Amino acid sequence: MKVSRVLSYTTRHLYLYRRSLPRLMEVFYWPLLDLLVWGFISVYLSTYKGSLPDFVTFFVGALILWDILFRCQQGISVSFLEDMWSRNLLNVFVSPMSPVEYVLSLLLISLFKLFLASTVMILVAMAMYSFNIFQFGVLLVPLVANLIVMGWAVGIITTGIILRYGQEAEVLAWGIAFLFQPVSAVFYPVSVLPPSIRTIARYVPSSHVFEGMRHVIATGTFPTKELVWAAGLNMVYLGAAVVFFYLNFKGVKKKGLLVKVGE
Amino acid sequence: MSIPQSWLRPILTMAERVVEVRGLTKVFNGFKAVDGISFEVMKGEILGILGPNGAGKTTTMHMLLGLTTPTAGDIRILGMDLRRNREEILSRVNFSSSYVSLPYSLTVRENLTVFSRLYGVRGRRKKIAELLDVFGIEEIKNEPTRRLSSGQITRVSLAKSLLNDPEVLFLDEPTASLDPDMADRTRKLLKRFNRERALSILYTSHNMQEMEEMCDRIIFLDRGRIVASGGPAEIMAEFSGATLEEVFLKIARKDGGAG
């Protein structure tokens, strides 16, 4: 593996965002709209004092964290789609760049997009709702890291499916993360879920991240158990995603489908 | 359009095999797209693959580029097994097709920069400047690819395919989208690269005149099998055709063939 090739291909996407205003806006547009809607709902609910939690912290914090997962997944899948749409995949796969290097370049570009979107969201949340995500302190690192890894795992799986089924599966690039949202318990505790869904949630890394976030808000103590669960599950998810992509890539080459996706 | 002297390489022995294919087979769901073909490409040779639609030309080329996994057979390129030496081989060959594009939102220069980095090209700027000049695309170097005509995209794609000074070039209908003037210029340019740098080229096209003009040797595929092989004149003599087109029609229409 050559790092220079990974970085080279990352610049291909950076060139894209440098020039394309619609693409750049897409990075900010939805997160900002989400933040505005959920932020105002939180502010409104906060006017009802009582035993309810701090809505702004719960909702806005959860939203910013959820967006990390979503952006990472989308950063990979949409960047892959960019190559598919521009009929450039064959040029990529006849170059010395390996599929692993290609996927790594997608991971890097997803971090770049995440950085842009998160910076804007964090600043807007501070300015409009006086919400400071850094109130989580050092805990923010494992929370964010776990969401990034889960976003990557889901993104790699999505890309593998698109590779196999081509344009028919494009919609997954935008929708698949939302499949995990109900069981991730982003805006509510896992305990409110029906027992069967609660069981599923136990095996979704992001549910432990959001439980961890709520734990620290409620108790101020480090949610070690939740984070260990999230990290362990993420290792399994990422491993499974890599194996899935590898097998899919192999299968696609065997069936001659790589050429069809690439042209 | 002139080729810089710095690119000229000593012409090595013409007997050197740069591509060796043995018993290459590809089966898709029980259908034999390529049926145990064997051939080779010598250093400095232009080998044309000819055949009607569905004959197995493109599948063969894609197997040679590692894009499709063969069902059976061996592929050796530059003396190395493709399965075991993919990275090394692909860094020394290149590909251009009129059916494959480059990222639309990137400028010509950005596209060439990205691919020159992928191929680890040394002296990138100089090489890109030379290719822009050779293909007459200097004036559009800062244009996004989406604004280019199909002919211009083809020339950029060909420039991309020469970034790494390939030893073997795979060309899939490279002049399909070019007007006759530009197609003629491109053929002459490729011929010069082939002659002056001993560049081996594997070429597919549906333009029979082009195949006659370009290729030292042709393999004719029909239903996945090689049905004729040799120089254009030899093939025309063997099938009693005045032109390759006549030969093509004879083979394609024989027994209700694929064409």
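Each chain gets a letter, A, B and so on, in the order the sequences are listed, and its residues count up from 1. Since this is a predicted model, take the numbers as computed values, not measurements.
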inquiry  = If you count every heavy atom of other residues, nucleotides or ligands that lies below 6.0 Å from B:Arg225 atom CZ, does the total exceed 12?
reply    = no
inquiry  = Within this structure, what is the NZ-CG distance for the pair A:Lys255 and B:Asn29, rounded to the nearest 0.5 Å?
reply    = 8.0 Å
key: Main-chain N/O of B:Thr71 paired to A:Lys254 side chain as donor or acceptor, under 3.5 Å   = no
query = Does the side chain to side chain contact (heavy atoms under 4.5 Å, CB included) test come out yes or no for B:Phe170 and A:Val94, once each step is laid out?
reply = CA-CA 10 Å; B:Phe170 295 87; A:Val94 299; over 6 Å; no
remark   = Bottom line for B:Thr107: the part with an atom under 4.5 Å from chain A's heavy atoms is both
ask   = Is atom CZ of B:Arg147 surrounded by more than 12 heavy atoms (other residues, nucleotides or ligands) closer than 6.0 Å?
value = no
ask   = Just wondering, more than 12 heavy atoms not from A:Phe244 lying within 6.0 Å of its CZ?
value = yes
query = Just wondering, more than 12 heavy atoms not from A:Glu168 lying within 6.0 Å of its CD?
reply = no
ask   = Among A:Leu257, A:Val252, A:Leu258, which one satisfies side chain to side chain contact (heavy atoms under 4.5 Å, CB included) with B:Leu67?
value = A:Leu258
inquiry  = Does any backbone or side-chain atom of B:Phe115 lie under 4.5 Å from a heavy atom of chain A? Answer side chain, backbone, both or neither.
reply    = side chain
ask   = Could you state the interatomic distance from CG (A:Asn91) to CG (B:Asn94), rounded to the nearest 0.5 Å?
value = 8.0 Å
query = What distance do A:Lys260 atom NZ and B:Thr68 atom OG1 have between them, rounded to the nearest 0.5 Å?
reply = 8.0 Å
Heavy-atom pair of closest approach, residues B:Glu87 and A:Arg5 = OE2-NH2, 2.8 Å
query = Is it true that atom CH2 of A:Trp30 has more than 12 heavy atoms of other residues, nucleotides or ligands lying nearer than 6.0 Å?
reply = no
inquiry  = Ignoring hydrogens, what is the shortest heavy-atom contact between B:Val100 and A:Arg87? Give both atom names and the distance.
reply    = CG1-O, 3.2 Å
task = Determine the option with the most heavy-atom pairs under 4.5 angstrom with chain A, choosing from B:Glu110, B:Glu88, B:Arg117.
result = B:Glu110
inquiry  = Please check if the number of heavy atoms outside A:Tyr29 that lie under 6.0 Å from its OH is greater than 12.
reply    = no
ask   = Looking at residues at least two apart in the chain, or sitting in another chain, which of them share a side chain to side chain donor-acceptor pair (under 3.5 Å) with A:Ser95?
value = none
message = What's the separation between atom NE2 in B:His62 and atom CZ in A:Phe93, rounded to the nearest 0.5 Å?
response = 13.5 Å
inquiry  = Can you tell me how far apart CG (A:Leu90) and OG (B:Ser96) are? Round to the nearest 0.5 Å.
reply    = 11.0 Å
key: Approximate separation, where rounding is to 0.5 Å, of B:Ser105 OG and A:Tyr17 OH   = 10.0 Å
task = Considering non-hydrogen atoms only, spot the tightest contact between A:Ser86 and B:Tyr104 and give its length.
result = CA-CE1, 3.6 Å
ask   = When you look at CE of B:Met80, are more than 12 heavy atoms from neighbouring residues, nucleotides or ligands closer to it than 6.0 Å?
value = yes
query = What part of B:Phe28 lies closer than 4.5 angstrom to a heavy atom of chain A: side chain, backbone, both or neither?
reply = side chain
task = Check B:Val114 against A:Ser8 and note the closest heavy-atom contact, atom names and distance.
result = CG1-O, 4.1 Å
query = Should the heavy atoms of other residues, nucleotides or ligands under 6.0 Å from CZ of A:Phe28 be counted, would the total exceed 12?
reply = yes
